[in-house]
Amino acid sequence: MLQAQPALDVLKKVEKKHRGKAVEDENPEDFIDQDTPNGQKKLLAPQMANQYCPSTVEKSWYAWWESSGYFRADSASTKPPFVIVMPPPNVTGALHIGHALTVAIEDAMIRWRRMSGYNALWVPGVDHAGIATQVVVEKKLMRERNLTRHDIGPDNFVCEVLKWKERYGGTILNQLHRLGASLDWSREAFTMDEQRSNAVTEAFVRLHKEGLIYRDNRLVNWDCTLLTSISEIEVDHIDLKEETMLKIPGYATPVQFGVLISFAYPLEEGLGEIVVATTRIETMLGDTAIAVHPEDKRYMHLHGRYAVHPFNGRKLKIICDAEIVDPSFGTGAVKIAPAHDPNDFEVGRRNNLQFINILTDDGKINSNGGAQFEGMPRFTARICIIEALKAKGLYKGAKNTETSLGICSRTNDIVEPMIKSPQWFVNCNTMAKVALDAVRSKRIEIIPPQYEQDWYRWLENIRDWCVSRQHWWGHRVPAWYVTLEDDQEKTLGSDNDRWIVAKSESAASVEAQKSYPGKKFILNQDPDVLDTWFSSALFPLAVLGWPDDTADLRSFYPTSVLETGLDILFCWVARMVMMGTQLGGDVPFQKVYLHPIVCDTHGRKMCKSLGNVIDPLEVINGMTLEGLVKRLEEGNLDPDELNLERKLTDYPDGIAECGTDALRFALISYTSQSDRINLDIKRVVGYRQWCNKLWNAIRFAMGKLGVHYSPPATVDVSIMPPICKWILSALNKATGKTVTSLEAYKFSDATSAIYSWWQYQLCDVFIEAIKPYFFNEPQEFESARVASRDTLWVCLETGLRLLHPFMPYITEELWQHLPQPKYSCRQDSIMISEYPSLVEEWTNDNLENEMDIVLDTVNKIRSLKTRTERKERRPAFALCRSQDVTATIQCHQSLIILTENDETPADCAIAIVNKDLSVYLKLQGAINAEAEREKLRKKRVGIQKLHHAVTHMMDASGYREKAPQSVQEGDMRKHIALLQELEVVSEAEKKLDAKTDNI
């Protein structure tokens, strides 16, 4: 039976007749880009441009949003709060693409919550980045003026840093504006402004008073180039498998690592020798003991005796200590240098050993190391030590070994564990237990949850935190040393009991007078500054006004979620939890979302030394190859790091203009990639092209809705054509998927749901399906035309609101172009409009299932049609094996419907839709039997793979006991359906064979 819809054919003829005229009428006026005064609502041209242009669309909106107060939160609001504190970027330079990912995710959350009725607060700030800033400014001084910081002194150096801050602080501000970050700028914070500095001082004083900050001699990570201790986050650990030559700052030739050197210590009284091994032979100058395993029969009898140092005569006590001896060294004894190895440090404390530091601050051997090596750089000394050992007959050889090496991420120098003068430490034990319990008890939820184990592992093995830094840019330690007038020893810090911790020098003076009544004294503040992470750890508290009892602190603490990179889970996130619970009385945030690390397209982490760092503005605006080269040449890279040919191979033609919206959407869509994002700019370009599709969808609507169109307050789906009912149901499903994904912090799933609806359902199907209704004739379709017009407007208006948190600029521009309902209170901006929610009466699962079959059928026929060289229409047939499928095909498509008893026509290509439906396309002349067989063979293989996977899952151990009954029933349905599809393939193969046999 021919189940055609004559009316649809009429519409198609009319559409073809008017297509040319419609193109001419769609844009009767030329587009004019109007200038908008700064801060005012953007002036839109009455006629939309023919194509989407990011730079045109994105201008003016941000200034209007900000001036309208849309970004500001109200501490007195009765709305539920939703608060994010933006991880403060370092003031050292411009934002990179990793920061853009942070902005894209956090702004999407804030805009969604703001539109969903929350009192949304997003707090901006920048970090003074102590060491990082000092390093770049020192490089700048040396490169431009050939000066060190010591040449100009502390005060002048701080002035240079402040100049740098002003320069790059403005750059960061501009980048955040361009990225569309809806931050509450009235609450902007800088970690060294007055409020934050007061918070740092208050925290230090309180923690010291509570016994959690103390001053002591302990091992620290020392950088001999920076001349300061550094935090663990600034240490990169590299694993070496064998001998490796590394370039070290200050050395003309590469230095050898990954080698285990054995040598002997003579025993006292001529009792022989004891052989030890080390990967750092130069540290033997600081050895004060030798450890042997208590069960090692070769050496256990030596416990309590002494060996003699060959270069300085020092006696080395031999001790039994099973914890320090590493059998992999191949010896039964290990040298102990307590002042230069973390493990040796603990052995030294357990056994009351001497702690002898043999290095100066800049990495030279000092007088403790022996006169013959004094003044030598440490890696020069190692060569001389080996030669001296050989001369004494004590050198026993060397071999390759695996080792881990700590390297400073900022200088590439080898980090030296060293005992310096007493440093300030934070006792982390008690606070770490609280932080552990916060995650275990779910007061804090870590997303993705697999990082919980890392949290537990780190905090269960936490060490006390050294917060002293020996540089000039940062918060001075609020501690003063008391020197009495009659003191014989007046060296700063020589008596650890003379330190007074106070909020100010005047407060310290009062305390000194109480402690030393009637005595004259001088107060000198500790010249050290605090670790940058100390002030960063206070950030959620400090930005809300702590230690003062502010309205912001009462309304917005604890914050809702911390979004940051997984690489700073411990150095920042854990410390914020410890400080927040200790000083603020509660966890600083309820959830922690850890985003992946952004790498280049080859999977390499972006860093300046590789030259693969991308400025988000280069993607937003586009950048020529010449511009990229110039940016690298004018940057702060050392000349030997500037290898342009290697660094620009990924962008031989530069970077195309993509715009903010495409960049944000691309970055968020990448977040499903575990712990790393391999960024491909081509993907961003693809989303920029998709923005043009959205643009054209609105242009089409504006042309078809007409200038006099007034959207309805509500739509009645019961009287709508099936295609309108379907698209609204699909929109409902996309809305539900988007909201549930956002609630679950599955941002990539949210972008996927929105993209699929706009691209594959609205643009590819619905708009194409309703186009014939928008022509003047025939009048009998007026009701369908009206319903389609209303549905189109509802879809576009709702879809733009659904998309807005991810693409703020284009959605605002297009939303403002749409006609406004006359009798409703529409908000002035899309960003303060209500976020879409489910509309119960729109849901129509049966219709969606029918349309899935129809669309799958259309796609199968199109795939068959690609085999024909000519483009003319050809007869298509549907072989239906159930009444429901027959009814669906009859309702939605003009096909020749066949039943199982009907004979399929000759010379047809076949495609299997599902077990109940196959489609055939009449080809010109005889079909290619071999090609059809190959297609059916591939179909069979595909079905068999799916069937095998389902069967394997159902046969798995514990499946019947553990899987819910509903899941098992669904799997059984899949199993049966796949078997039926295999039968359909077999049937098609038999029919094909029968036809070819008859030829």
Would you say the side-chain atoms of [X] and [Y] include a donor-acceptor pair closer than 3.5 Å?
{"X": "W815", "Y": "T811", "answer": "no"}
{"X": "E813", "Y": "W61", "answer": "yes"}
{"X": "E194", "Y": "S197", "answer": "no"}

For residues 827-834, please give each side-chain donor-acceptor pair under 3.5 Å, one per line with the distance, not counting sequence neighbours.
unit_1: D828; atom_1: OD1; unit_2: K41; atom_2: NZ; d: 2.9
unit_1: S829; atom_1: OG; unit_2: E812; atom_2: OE1; d: 2.4
unit_1: S829; atom_1: OG; unit_2: M831; atom_2: N; d: 3.1
unit_1: S833; atom_1: OG; unit_2: S829; atom_2: O; d: 2.9

By salt bridge (Lys or Arg N to Asp or Glu O under 4.0 Å) - contacts of [X] (at least two apart):
{"X": "D749", "answer": "none"}
{"X": "R149", "answer": "E138"}
{"X": "R688", "answer": "none"}

Problem - Under the ring pair (Phe, Tyr, Trp, His ring centres under 6.0 Å) test, residues paired with W65 that sit two or more places apart - result: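 With neighbours one apart ignored, the set is Y809.
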
Any salt bridge between [X] and [Y], counting N to O under 4.0 Å?
{"X": "K163", "Y": "E160", "result": "yes"}
{"X": "R72", "Y": "D184", "result": "no"}
{"X": "D680", "Y": "R683", "result": "no"}

Exercise for the section: Sequence neighbours left out, what passes side-chain hydrogen bond (donor to acceptor under 3.5 Å, both in side chains) with N156? Give chain and number order. Expected result: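 N156 satisfies side-chain hydrogen bond (donor to acceptor under 3.5 Å, both in side chains) with no residue once adjacent residues are dropped.
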
Problem - Partner set under side-chain hydrogen bond (donor to acceptor under 3.5 Å, both in side chains) for R554, not counting sequence neighbours - result: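 Scan of R554 (side-chain hydrogen bond (donor to acceptor under 3.5 Å, both in side chains), adjacent residues dropped) gives D549.
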
Listing request: all side chain to side chain donor-acceptor pair (under 3.5 Å) pairs with a residue in [range], at least two apart in sequence or in separate chains.
{"range": "residues 170-183", "answer": "D107-S182, R114-S182, Q175-D615, R178-N621"}
{"range": "residues 557-567", "answer": "E563-H595"}
{"range": "residues 73-87", "answer": "none"}
{"range": "residues 118-127", "answer": "E106-W122, R113-Y118, D127-S536"}

Does the plane of the ring in [X] sit parallel, tilted or perpendicular to the ring in [Y]? Use 30° and 60° as the thresholds.
{"X": "F665", "Y": "F806", "answer": "perpendicular"}
{"X": "W572", "Y": "W533", "answer": "tilted"}
{"X": "Y593", "Y": "Y745", "answer": "parallel"}
{"X": "F570", "Y": "W458", "answer": "parallel"}

Flag the pair [X] / [Y] as yes when at least one side-chain heavy-atom distance between them is below 4.5 Å, and no otherwise.
{"X": "V91", "Y": "V161", "answer": "no"}
{"X": "F534", "Y": "M579", "answer": "yes"}
{"X": "L667", "Y": "L679", "answer": "yes"}
{"X": "V573", "Y": "Y451", "answer": "no"}

Practice task
Would you please name every residue forming a side-chain contact (heavy atoms from CB on, under 4.5 Å) with C53, sequence neighbours left out?
Solution key: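 In terms of side-chain contact (heavy atoms from CB on, under 4.5 Å), with neighbours along the sequence ignored, C53 is linked to S55, T56.
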
